[in-house]
Amino acid sequence: MVAAAHPLAVEAGLEILRAGGGALDAAVAVQMVLGLVEPQSSGIGGGAFLLHWSATERRLRGYDGRETAPAAARADRFLDAHGRPLAFAQARASGASVGVPGVLRMLELAHRRHGRLPWSRLFAPAIRLAEEGFAVSPRLFRALEREPSLRADPDAGALYYDAYGRPRAIGSRIANPTYAATLRRIARDGADAFYRGEIAADLVRAVQSRARPGDMTLDDLARYRALERAPVCFPYRSYRVCSMGPPAGGVAVLQILGILARTEFAQAAPNSPEAIHIFAEAARLAYADRERYLADPAFAPVPVAGLLDPAYLAARAQLIGPRSLGRAAPGAPRGAVPLAGAVEEARAATSHVSIVDTRGDAVSMTTSVESAFGAGIFVRGFFLNNQLTDFAFVPEADGVPVANRLEPGKRPRSAMSPTAVFDADGRLRAVLGSPGGPAIVHYVAQALVAILDWKLDAASAAALPRAGSRNGPTELESETVYELLAPALAARGHEVRLAAMTSGLHIVERAPGGWRGGADPRRDGVARGF
């Protein structure tokens, strides 16, 4: 079963599985196709987090392919001459926003450990599609409409827009032979073809030649390393839920669940005002801690054990009453050190892939270029990320360093939360994740609640209206039945905000006799198996 954000990417994954590949092999193929057909969301110019479950070893591993800041990076990168933070759009559309891409090194590392087919075989579907062309989807068309700056780039403009500067029509075919040529080199020579040599030189030249140039160098690319990280796990009901630890968002997902388990959430009717009230309050408490404490653990001491301590979560749960907290304060978990917090802006240009193969091995991978089309820098047939804007723009608050401040070699904090669920016997129950910027944390937590508490199937959980809080307004998905909950929540003291909720959940779960999948109807994805 493969669940991903575009039918062509799903078919590429299934092609690899039918050829004898494993879940990890299929994930490589899916990512290469997503970079072609969904370039606004992910690609080889970005980064990713990945969980891999080996059914034979009964072991879950985590892989960190998050971008890193260049060696020359300074904490004041996104401040103006007067020390004020730049507007996000100004910071994003520049070479200064580009982090050293990590997805290829991460996939290569994971493939060496879990791959069954040769690396070169995994690129064939994407190369074929890039040369033959693919149909423009409505979602890609809308994304191109919203990014007029791409028209000014000679290569991106010629590829994605017509002679009048209009996006290529829905259903028209786009071929990207330059991307195919890039993939051929990487397929033949491995990730080194990207991080060294001609491709690397072109990346550096593109970053350094912008009006606001970046300082990424050939040495930064050559030094990049993907990391294996132990997943963070926590019991919920009769299940064990595991996700990616810092700098990813899994700790906050587990905190939400841990707080919910210590409230009357289980007694509240599904989708009721009471259930959404408790869920939103648990989310705001988790986000308050995330803002203060979550960062790259190589640069800031992240008190993971303290944040997931059952006694600490019980104390946080006791803060939830009949009325909303409004804005929650961070707690004081065991092991915390004095650091300041910072909130990042919401961005939703990310994608998620969930795969289970015939042996029961599984992958949950969330992958991103940050904003739509990343930094808008198009090189060698793909876009470069703007992930450095995930760092705090202001490095200090009241003289105290911000945990997520920018530093050389550091990985920015992320909400990406690829997740795996295991039953009481240790069998894989589900793999899932979502795009959605900082809201990813409560998208994933709500999907887990829908599956584990409300007993929804994967497709229903992916389609469920979204609700939550990022420690600000309580957000309800507009134009859904959740709008009807607004008066009851307002009566409980919630500041309610109706908004489009750009989740993109892709779920594969165990079902009688096999697996079933769910794809978020808010995007172009599907779930298919054989």
Side-chain angles (χ1 to χ4, degrees), residues 3-5 23-24 27-28 30-31 34-35 41-53 60-68 99-111 113-114 191 224-233 241-254 290 294-298 302 304 344 347-355 362-370 374 385 387-388 390-391 404 410-421 431-441 443-445 447-448 503-507:
L24 193 283
V28 177
V30 169
Q31 174 66 93
L34 286 175
S41 295
S42 72
I44 61 175
F49 294 101
L50 182 150
L51 294 180
H52 181 273
W53 166 249
L60 184 71
R61 291 181 171 90
Y63 294 94
D64 178 344
R66 184 66 159 157
E67 298 87 344
T68 57
V100 181
V103 68
L104 279 169
R105 279 288 187 221
M106 182 200 75
L107 291 173
E108 183 181 63
L109 172 63
H111 179 261
R113 295 179 180 173
H114 311 295
Y224 182 87
R225 296 293 181 270
L227 303 175
E228 181 176 346
R229 293 191 188 274
V232 290
C233 299
V241 181
C242 298
S243 192
M244 283 295 303
V251 169
V253 171
L254 300 184
R290 177 178 179 268
L294 272 291
D296 183 342
V302 183
V304 174
E344 70 264 36
R347 291 292 175 266
T350 299
S351 205
H352 183 80
V353 180
S354 292
I355 302 172
V363 161
S364 179
M365 177 177 71
T366 312
T367 173
S368 181
V369 290
E370 176 62 356
N385 70 86
Q387 297 284 11
L388 298 189
D390 265 352
F391 283 115
N404 188 42
K410 191 175 184 179
R411 297 168 192 240
R413 182 177 67 195
S414 173
M416 292 188 280
S417 304
T419 298
V421 181
V431 285
L432 68 154
S434 179
I440 287 172
V441 167
Y443 291 160
V444 173
L448 288 164
S503 63
L505 285 149
H506 292 106
I507 305 169

Check: D390 and R66 side chains under 4.5 Å, non-hydrogen atoms: yes
Calculate, to the nearest 0.5 Å, the distance between atoms CE and CZ belonging to M244 and F49 respectively. 5.5 Å
Taking only residues two or more places apart in sequence, or in another chain, which ones meet A48 in a side-chain contact (heavy atoms from CB on, under 4.5 Å)? V103, M106, M365, T367
So do V444 and S434 actually touch side chain to side chain, heavy atoms under 4.5 Å? yes
Calculate, to the nearest 0.5 Å, the distance between atoms CG and CG belonging to L294 and N404 respectively. 9.0 Å
With sequence neighbours left out, write down each residue that passes side chain to side chain donor-acceptor pair (under 3.5 Å) with E67, or none if nothing qualifies. none
Tell me, please, which residues at least two apart from V232 pass side-chain contact (heavy atoms from CB on, under 4.5 Å). V251, L254, V304
Would you say S42's side chain and V369's backbone share a donor-acceptor pair under 3.5 angstrom? no
Between atom CG of L227 and atom CZ of R105, what is the distance when rounded to the nearest 0.5 Å? 12.5 Å
Close side-chain approach of V363 and L50, heavy atoms under 4.5 Å: yes
Side-chain donor or acceptor of H506 paired with backbone N/O of H352 under 3.5 Å: yes
So which heavy atom on A252 is nearest to which on V441, and how close? CB-CG1, 3.7 Å
Show the nearest heavy-atom pair for residues A447 and L432, with the distance to one decimal. CB-CD1, 3.8 Å
Spacing of L51 atom CG and L60 atom CG [to the nearest 0.5 Å]: 5.0 Å
Side-chain donor or acceptor of N385 paired with backbone N/O of G47 under 3.5 Å: no
Heavy-atom pair of closest approach, residues S351 and P435: N-CB, 3.8 Å
Of all residues at least two apart in sequence or in a different chain, which pass the side-chain contact (heavy atoms from CB on, under 4.5 Å) check with S243? S417, T419
Any idea which heavy atoms bring P438 and A415 closest together, and the distance? CA-CB, 3.7 Å
Those residues that, when tested against D64, pass side chain to side chain donor-acceptor pair (under 3.5 Å) (two or more places apart): R229, R411
Rounded to the nearest 0.5 Å, how far does CG of D296 lie from CZ of F391? 7.0 Å
Residues passing the side-chain contact (heavy atoms from CB on, under 4.5 Å) test with A110, sequence neighbours excluded, are L24, Y63, H114
Contacts of type side chain to side chain donor-acceptor pair (under 3.5 Å), residue S368, not counting sequence neighbours: T350, Q387
